[in-house]
**Student:** 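Just passing along the structure, written as structure tokens.
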Amino acid sequence: MGYDRSQTIHALQGGPISAEPRINDRIRVPEVRLVGPNGEQVGIVPIAKALELARESDLDLVEVAPTARPPVAKLMDFGKFKYESAMKAREARRNQAHTIIKEIKLRPKIDPHDYETKKGHVVRFLKAGDKVKVTIMFRGREQSRPELGYRLLQRLAEDVTELGYVESNPKQDGRNMIMVIGPHKKKAEAKAEARAERDEAKAERDADWAQQQSEQVPE
């Protein structure tokens with residue numbers, strides 16, 4: 001019977017294996033398609049021969065594709081593999097970032113200085129990779145002129161178009177009008193850029209300090 005190539009291709013390339021694979025003597029099949037420690041294909045060998053090769057190489061025999069025919073097993077240091085996988089998973093969780101929704105509230109007749117201040121907050125949030133919920137608050141007779149809020153939201157969206165896009169168009173919600181602006185950059189990308197900028201600034205400070213120290217050294 002032929003083997004399932006689609007189920008073994010990752011194993012042959014050193015790809016991911018199942019969370020709890022069978023290893024060494026726990027592999028109870030008559031033969032396996034053996035993959036070497038560097039991903040090389042050894043071929044179909046009896047299980048006894050595969051186990052013997054594992055012992056001679058001081059490695060583990062790990063079943064990486066149990067449903068293939070015959071099952072695919074790979075020679076590897078299983079303890080080291082599990083440790084490295086755990087480290088990669090931990091690093092991935094550390095680098096994972098969730099988008100946060102910030103909120104900015106405006107009045108429809110906001111003065112220019114306050115508008116620039118509020119816009120600055122929106123710019124900062126978008127650069128950090130966060131969404132921004134912009135709320136226009138109407139009071140009294142202002143409720144009869146929703147176009148004022150709509151035009152203000154359009155103006156803000158246009159002012160920050162390089163950093164974000166309108167994810168949720170302006171809509172009336174009782175006495176308020178709400179719009180959501182999403183960032184062009186993902187949270188993780190924004191954090192990586194900010195970290196790179198901090199590292200670059202630190203390197204420049206260190207270089208300046210070293211230059212000052214060298215200038216102070218007497219000839």
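Sequence positions, counted from 1, serve as the residue numbers for this chain.
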**Student:** Distance-only, no hydrogens or angles: does the Gln154 side chain make a donor-acceptor pair with backbone N or O of Leu156 under 3.5 Å?
**Tutor:** no
**Student:** Check for me, please, whether Ile178 and Phe138 land in the same ILVMFWY cluster - side-chain distances under 4.5 Å, paths through other members count.
**Tutor:**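 Unlinked, Ile178 and Phe138 end up in two clusters.
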**Student:** Verify side chain to side chain contact (heavy atoms under 4.5 Å, CB included) between Ile181 and Val134, making sure each step is shown before the conclusion.
**Tutor:** CA-CA 8 Å; Ile181 303 176; Val134 185; 4.2 Å; yes
**Student:** For residues Gln172 and Pro146, report the shortest heavy-atom separation together with the two atoms involved.
**Tutor:**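 The pair with the smallest heavy-atom distance is OE1-CB, 3.9 Å.
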**Student:** Mind listing the closest non-hydrogen atom pair of Ala157 and Met179 along with its distance?
**Tutor:**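 It is CB-CE, 4.2 Å.
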**Student:** Kindly work out whether a path of hydrophobic side-chain contacts (I/L/V/M/F/W/Y, heavy atoms less than 4.5 Å apart) joins Ile47 to Val42.
**Tutor:** yes
**Student:** Will you find, in the side chains of Asp77 and Tyr83, an N or O donor that is under 3.5 Å from an N or O acceptor?
**Tutor:** no
**Student:** Glu158 side chain to Arg155 main-chain N or O, any donor-acceptor pair under 3.5 Å?
**Tutor:** no
**Student:** So, the side chain of His184 versus the backbone of Leu126: is there a donor-acceptor pair under 3.5 Å, distance only?
**Tutor:** no
**Student:** Taking a hydrophobic cluster as the set of Ile, Leu, Val, Met, Phe, Trp and Tyr residues connected by side-chain heavy atoms closer than 4.5 Å, whether directly or through intermediates, do Ile110 and Met177 fall within one such cluster?
**Tutor:** yes
**Student:** Which distance, rounded to the nearest 0.5 Å, do you find between the CZ of Arg151 and the CZ of Arg145?
**Tutor:**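 Between Arg151 CZ and Arg145 CZ, I get 6.5 Å after rounding to 0.5 Å.
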**Student:** If you group Ile, Leu, Val, Met, Phe, Trp and Tyr by side-chain heavy-atom gaps below 4.5 Å, do Val180 and Leu163 land in one group?
**Tutor:** no
**Student:** Test Tyr150 against Asn169 for side chain to side chain donor-acceptor pair (under 3.5 Å), laying out the working first.
**Tutor:** CA-CA 10 Å; Tyr150 184 79; Asn169 290 317; over 6 Å; no
**Student:** State which residue, out of Lys119, Arg124, Lys118, fulfils the side chain to side chain donor-acceptor pair (under 3.5 Å) condition with His121.
**Tutor:**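 Of Lys119, Arg124, Lys118, side chain to side chain donor-acceptor pair (under 3.5 Å) with His121 is met by Arg124 alone.
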**Student:** Can you measure from CG (Leu61) to CZ (Phe78) and round to the nearest 0.5 angstrom?
**Tutor:** 11.5 Å
**Student:** Walk me through it: do Val160 and Phe125 pass the test side chain to side chain contact (heavy atoms under 4.5 Å, CB included)?
**Tutor:** CA-CA 11 Å; Val160 300; Phe125 294 148; over 6 Å; no
**Student:** Under 3.5 Å, is there a donor-acceptor pair between the side chain of Asp111 and the main chain of His113?
**Tutor:** yes
**Student:** Within the distance-only criterion (no hydrogens, no angle test), does the side chain of Glu40 pair as donor or acceptor with the backbone N or O of Asn38 below 3.5 angstrom?
**Tutor:** yes
**Student:** State, to 0.1 Å, how close Pro66 and Pro71 come at their nearest heavy-atom pair, and which atoms those are.
**Tutor:** O-CG, 3.8 Å
**Student:** Looking at every non-hydrogen atom in both residues, tell me the closest pair between Arg22 and Arg28 and how far apart they are.
**Tutor:** NH1-N, 4.1 Å
**Student:** Assess whether a salt bridge exists between Glu142 and Arg107, defined as any Lys/Arg side-chain N lying under 4.0 Å from an Asp/Glu carboxylate O.
**Tutor:**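 Yes, Glu142 and Arg107 are salt-bridged.
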**Student:** For atom CD of Glu147, decide whether the heavy atoms of other residues, nucleotides or ligands shown that lie under 6.0 angstrom number more than 12.
**Tutor:** yes
**Student:** If I compare all heavy atoms of Pro108 with all of Gly149, which pair ends up nearest, and what's the gap?
**Tutor:**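 Shortest heavy-atom contact: CB-N, 4.4 Å.
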**Student:** Closer than 3.5 angstrom, by distance alone: can the side chain of Arg69 be matched with the main-chain N or O of Thr67 as a donor-acceptor pair?
**Tutor:**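 A pair under 3.5 Å: yes.
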**Student:** Which distance, rounded to the nearest 0.5 Å, do you find between the CG of Asp25 and the CG of Leu51?
**Tutor:**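 Asp25 CG to Leu51 CG: 5.5 Å, rounded to 0.5 Å.
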**Student:** With no hydrogens and no angle check, is any side-chain donor or acceptor of Asn176 less than 3.5 Å from a backbone partner on Thr135?
**Tutor:**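 Not confirmed, Asn176 side chain does not pair with Thr135 backbone.
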**Student:** Begin from the C-alpha positions of Leu153 and Ile136 and carry the test side chain to side chain contact (heavy atoms under 4.5 Å, CB included) through to its verdict.
**Tutor:** CA-CA 8 Å; Leu153 291 175; Ile136 303 293; 3.7 Å; yes
**Student:** For the side chain of Ser57 and the backbone of Ala54, is there at least one donor-acceptor N/O pair under 3.5 Å apart?
**Tutor:** no
**Student:** Would Gln143 and Arg175 count as a side chain to side chain contact (heavy atoms under 4.5 Å, CB included) here? Give the steps.
**Tutor:** CA-CA 7 Å; Gln143 297 180 58; Arg175 295 184 177 183; 3.6 Å; yes
**Student:** Can you name the nearest heavy-atom pair linking Val122 to Ile104, along with the distance?
**Tutor:** CG2-CG1, 3.9 Å
